[in-house]
2 protein chains.
Amino acid sequence: MCQDQGSHHGSSCSCSGMPMRRFLQPCLLLLLHRRSTHGYDLIQNLGEFGFSSGETDPGTVYRHLRKMEEEKLVTSAWDTDQGGPAKRLYQITGEGEEILHAWAVTLNGNKQRIEDFLVKYKTQFPG
Amino acid sequence: MCQDQGSHHGSSCSCSGMPMRRFLQPCLLLLLHRRSTHGYDLIQNLGEFGFSSGETDPGTVYRHLRKMEEEKLVTSAWDTDQGGPAKRLYQITGEGEEILHAWAVTLNGNKQRIEDFLVKYKTQFPG
DNA sequence: AACTCTATAGGCATATTGCACATAAGGGAG
DNA sequence: CTCCCTTATGTGCAATATGCCTATAGAGTT
């Protein structure tokens, strides 16, 4: 989070890169596993995963969805029945679920690694 | 981690990007806080943070060190006293320690976010 | 007619990293 | 002495990932 209030450089530091790198895809897959829906709706629901509203770049989300479709993790179909502009409805595939499981393993490993780091950190900076 | 044994695509999936993104810098700073040393030695000691030997790209480490010096998080001085090729000895600065503290905050936030994700994941995939 | 909300998407720049390669000093084997 | 290995530091290039800005367009509201 790197609150840039005060002492260290006014502009930016490399730890300020929130949201987390490579965290969007697993969140989208988990949301799509709950229910099929479209990109704009997914964006509205990303706050649940710590993506503050406005922080989430729509372009990035749509690009992820198209790429996941290319990789056959999701499928899409246009929905023009409701009012308003056409929505592209996304649905997770079996392969998408597998990748989601792989993500869970990866993220669990990352969590462990961060915990190990923080233990060492606290050892070197007690109090 | 994404063990690619079996069902899902033979080539690669986007969760396979181990080691973690943006994790090298805090590890280097923490090691340098213990004791001043040079890049090659840091590389030897990165295994402690889950960087498997051989997995760590030397070029990436050296580039990080040079960039951190540019940002005044570390200072360096040549050491030609010992045998072998000259070593560039790095030392963490006060600013570097501040950034390390900021990293700890960031990583703690990331850990929490991953934990929250995994809770939701387990809710949707019990058993 | 103008404005807002919903909805999707592309272009461009930047950041981060991996892989391959270049350079160079010193020590040991033959 | 020469070849090779280990130590030690770096560069070049490509791929990946992301942020910001902009474009498009339907539908309802003022």
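Per chain, numbering begins at 1; letters A, B, ... match sequence-line order. Because the structure is a prediction, the values reported are computed rather than measured.
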Handout entry: Pairwise salt bridge (Lys or Arg N to Asp or Glu O under 4.0 Å) hits with a residue in residues 35-45 of chain B, at least two apart
Key = B:R35-B:D41
Exercise for the section: Can you tell me which residue pairs pass the salt bridge (Lys or Arg N to Asp or Glu O under 4.0 Å) test with a partner in residues 117-127 of chain B, sequence neighbours excluded? Expected result: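 Matches after skipping sequence neighbours: A:E48-B:K120.
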[X] [atom1] - [N] [atom2] separation (whole Å):
| X | N | atom1 | atom2 | result |
| --- | --- | --- | --- | --- |
| B:N45 | D:dA8 | CG | P | 12 Å |
| B:K67 | C:dA15 | NZ | P | 7 Å |
| B:H64 | C:dG18 | NE2 | P | 9 Å |
| A:R21 | C:dG18 | CZ | P | 14 Å |
| A:Y40 | C:dC5 | OH | P | 8 Å |
| A:Q25 | D:dT16 | CD | C1' | 12 Å |
| B:L65 | D:dA8 | CG | C1' | 12 Å |
| B:L89 | D:dT7 | CG | C1' | 14 Å |

For [X], side-chain hydrogen bond (donor to acceptor under 3.5 Å, both in side chains) partners two or more places apart:
| X | result |
| --- | --- |
| B:E70 | none |
| A:Q25 | A:W103, B:S14 |
| B:T123 | none |

Handout entry: Listed partners of A:K72 passing salt bridge (charged side-chain N to carboxylate O under 4.0 Å, His left out), at least two apart
Key = none
Problem - Residue list, salt bridge (charged side-chain N to carboxylate O under 4.0 Å, His left out) with A:K67, at least two apart or on another chain - result: A:E71
Fill in the blank from the handout: Letter by letter from the 5' end, nucleotides 24-30 of chain D scores (B base, S sugar-phosphate only, - none; protein heavy atoms under 4.0 Å) --BS---
Handout entry: Nearest to side-chain heavy atoms of A:Y62, which nucleotide of C:dA7, D:dG10, D:dA8
Key = C:dA7
Which atom pairs, one a donor and one an acceptor, fall under 3.5 Å between side chains of residues 56-63 of chain A and the rest of the protein, sequence neighbours left out?
residue : atom : partner : partner atom : Å
A:D57   : OD2  : A:T60   : N            : 3.1
A:D57   : OD2  : A:T60   : OG1          : 2.7

Problem - Among B:E95, B:H64, B:E97, the one residue meeting side-chain contact (heavy atoms from CB on, under 4.5 Å) with B:L73 - result: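 Output: one option passes, namely B:E95.
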Problem - Partner set under side chain to side chain contact (heavy atoms under 4.5 Å, CB included) for A:A86, not counting sequence neighbours - result: A:W78, A:T80
Give me the distances for all protein-to-nucleotides 10-13 of chain C N/O pairs that come in under 3.5 Å?
residue : atom : partner : partner atom : Å
C:dG11  : O6   : A:R63   : NH2          : 3.3

Practice task
Five pairs at each end of the helix from C:dA1-D:dT30 to C:dG30-D:dC1: take the axis at both ends and give me the angle between them to 10°.
Solution key: 10°
Exercise for the section: Give a yes/no verdict on a cation-pi contact between B:R21 and A:F23, requiring under 6.0 Å between NZ or CZ and the six-membered ring centre and an angle within 45° of the axis. Expected result: no
